[in-house]
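Working notes, beginning with the structure itself.
Just follow the structure's listing: the first ligand is 1, and inside any ligand the first atom is 1. Just so you know, these numbers come straight off a predicted model, no measurement behind them.
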Amino acid sequence: MTELPARRLLLVHAHPDDESINNGATMARYAAEGTHVTLVTCTLGERGEVIPPELAHLTGAALGRYRQGELTAAMRALGVRDHRLLGGPGRYADSGMMGLPDNDDPACFWQADVEEAARRLLDVIREVRPQVLVTYDDDGGYGHPDHIQAHRVAMRAAELADEAGCGIAKIYWNRVPRSVAERSFARLQQDLPGLPFTKTATIDDVPGVVDDDRITTEIDGTAHSAAKADAMRAHATQITVSEPYFVLSNELAQPIFTTEYYELVRGERGSGVRESDLFAGLGLGIGGAGGGEAS
Ligand SMILES: [Zn+2]
């Protein structure tokens, strides 16, 4: 394969749409800067609830196929060309929300062998050799089985990558600082009368909210807010967008964050109160092929 750019970013997500909601601005920014951005999505989200009535007939495998198309459109909006499904399309089925009988389906991701799934991810890591990995915390951000499993698989794959000699320098978990969430929801309350939504979510509905002092890194994606919103819109079965807000199938309005926040859990933290670059401290120039000239 042709030589990849010096900077390579890998994101591991549970379902199509998670990447755009959590990291859309980050992905668009790094893709625009010439970083090689690789998205690995673990399931096709076949158990997601469909919002548009005209698409409500889509369930199971048909919904999975449709959502694969939505994911492709979202990646086009973000400028990301390398997106893959762990083990290929449909290898791991959506596990549904925690506590549902779906969790017991032997084909679902929650029932998958972590070691085997991590080895599939290791194949991608060997090929792409990312210096940075982004995924969820050990609660999957909000307790969804597929998000928890994506965390386990990503973290195990990182261990395997160390053993294989292609270790990942920095690992981040998706976060939202509590103060930012509080401010955004206060603004949402004020804006609600002018929105096509009637109810708001609460901070507890937002994955990955933590106290501000745990935030190590903030990626300003303001210049890419339109791309993020477009990517979220591409997931029309799951998301309705009215910038700068959106709803999922629960119809509860939430803010779209165009600055995205992270907690560095592995690797050396770059300088400053908060890093403003996921690659900070790695000495890798932006763009260009090959092995990392200092910037
Ligand atoms: Zn998800």
Query raised in the report: Passes side-chain hydrogen bond (donor to acceptor under 3.5 Å, both in side chains), N23 versus Y262? Steps please.
Result: CA-CA 10 Å; N23 312 108; Y262 300 90; 3.0 Å; yes

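- Taking 2.8 Å as the criterion, H144 does not count as a coordinating residue of the Zn ion (ligand 1), since none of its N, O or S atoms falls below it.
- Side chains of T43 and D94: a donor-acceptor N/O pair is absent below 3.5 angstrom, by distance only.
- Looking only at N/O/S atoms, H15 comes nearest to the Zn ion (ligand 1) through ND1.
- For the Zn ion (ligand 1), the N/O/S atoms of D18 include one lying under 2.8 Å.
- Between R266 and E159 there is no salt bridge, since no side-chain nitrogen of the basic residue lies less than 4.0 Å from a carboxylate oxygen of the acidic one.
- Other residues sharing the hydrophobic cluster of M97, ordered by chain and number and joined by side-chain separations under 4.5 Å: L100.
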